[in-house]
Amino acid sequence: MTLLLIAALFLPLFPLSFVFNGALAQLRHPAARSALLLLWPQIGVGLLQFAPQPVPQYFVPWALLTAGVYALRLLTVRDMGRWAGFVATSGLALAWALASGGPDIADLHLFAFWFSVPPALMALLAAPLTRRFGAAYAGLQGGLMGCLPRMSGVLAVTVLAAVATPPFPGFFALLRLLRALDWAGAVGGLAIWLVWGWAGTKLLQGFIFGADHAHSVRDIGRASTLAYTGVLGAFVAAGLYLTGGGL
């Protein structure tokens, strides 16, 4: 059990999730935050390989409760960096519900990866917004679609990936999880998914929609746009290939 609790620091379950989000808050460099989002949950999955006992069934409601709490917190968070950490916590907690069914460890590594990549990209995107406006804060500067169309497009697609919309891998991973849960767990999972979508819509409203304030700022370069687009395209292609389209 001790090893499972240590793993719960890395596949964050409330209140152990404070460690993960506290570590993210302490890191200032966007690349470091992105790396932590990608690597931290993989350590947790690796620890599960050495657990002397299977994941108990009572971890499933604990995971759903954690995911639900952080999904609701997304509705009130406006800082992009914190939003990325909370959506990652909410998604990664659901890995425990999948682990309780005894899946292959490689499947758990992939599940964690699918819910880590979009928040990691958001952590990187927070940096150019902070340089331009002083903070990556929804509502601070609305209507970015008019003055920063490339950044707005990349941000919108990344948020859609983070909240597990099709055709991104998180969508197929979540479908698989819902099929593995009982009816009560599936209803809870669908409710969490709905809140993710609501929170993602609110975040995008605060950043890219609204009146164009004609800010005298430069958009991200074409090379950066192509890099983000390439990563997201490869992410979708890999997800479709490795999950078989969720079928």
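- Atom CG of residue L124 and atom CG of residue L129 lie 12.0 Å apart, to the nearest 0.5 angstrom.
- The hydrophobic cluster containing L36 also contains I6, counting ILVMFWY residues as joined when their side-chain heavy atoms lie under 4.5 angstrom apart, directly or transitively.
- Between A67 and L94, the closest heavy-atom pair is CB-CD2, 3.7 Å.
- Scanning all heavy atoms of the two residues, the minimum distance from L4 to P56 falls at CD1-CD, 3.7 Å.
- With hydrophobic clusters built from ILVMFWY side chains whose heavy atoms lie under 4.5 angstrom apart, I105 shares a cluster with L38.
- Judged by distance alone, with hydrogens and angles left aside, the side-chain atoms of S152 form no donor-acceptor pair with the main-chain N or O of I208 at under 3.5 Å.
- Residues A71 and V195 come closest through the heavy atom pair O-CG1, 3.3 Å.
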**Report entry** Pair M80-F207, side chain to side chain contact (heavy atoms under 4.5 Å, CB included): steps then yes or no
**Finding:** CA-CA 10 Å; M80 188 187 294; F207 276 112; 3.8 Å; yes
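- S34 OG to L125 CG: the interatomic distance, rounded to the nearest 0.5 Å, is 10.0 Å.
- Atom OG1 in T158 sits 9.5 Å away from atom CG in L204 (nearest 0.5 Å).
- Smallest separation of non-hydrogen atoms from P169 and V236: CD-CA, 4.3 Å.
- For the atom pair CZ of F168 and CG of L174, the computed distance is 15.0 Å after rounding to the nearest 0.5 Å.
- The two residues A123 and L37 come nearest to each other via the heavy atoms CB-CD1, 4.0 Å.
- Of all heavy-atom pairs spanning L92 and S116, the tightest one is CD2-OG, 3.8 Å.
- Close placement of the W193 and F171 rings is indicated, their centers lying within 6.0 Å of each other.
- W40 and F115 fall into different hydrophobic clusters, where Ile, Leu, Val, Met, Phe, Trp and Tyr are joined by side-chain heavy atoms under 4.5 Å apart, directly or via other members.
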Donor-acceptor list for residues 13-27 side chains, cut-off 3.5 Å, not counting sequence neighbours:
residue	atom	partner	partner atom	Å
S17	OG	Y70	OH	2.7
N21	ND2	S17	O	3.1
N21	ND2	T89	OG1	3.2

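- Between T76 atom OG1 and K202 atom NZ the span is 7.5 Å, to the nearest 0.5 Å.
- Note on L190 and L64: same hydrophobic cluster, where clusters join Ile, Leu, Val, Met, Phe, Trp and Tyr whose side-chain heavy atoms are under 4.5 Å apart, directly or indirectly.
- Taking 4.5 Å as the limit, every side-chain heavy atom of P12 sits out of range of all side-chain heavy atoms of T66.
- For W198 (side chain) and L75 (main-chain N/O), no donor-acceptor pair under 3.5 Å exists by modelled atom type.
- Residues I43 and L3 fall within the same hydrophobic cluster, defined by Ile, Leu, Val, Met, Phe, Trp and Tyr side chains chained together at heavy-atom separations under 4.5 Å.
- A heavy-atom distance below 4.5 Å is found between the side chains of L47 and F10.
- Rounding to the nearest 0.5 Å places CZ of R150 at 9.0 Å from OG of S224.
- Taking the six-membered ring for Trp and thresholds of 30 and 60 degrees, W114 and F235 have ring planes more than 60 degrees apart, a perpendicular arrangement.
- The shortest side-chain heavy-atom distance between L11 and L48 falls under the 4.5 Å cut-off.
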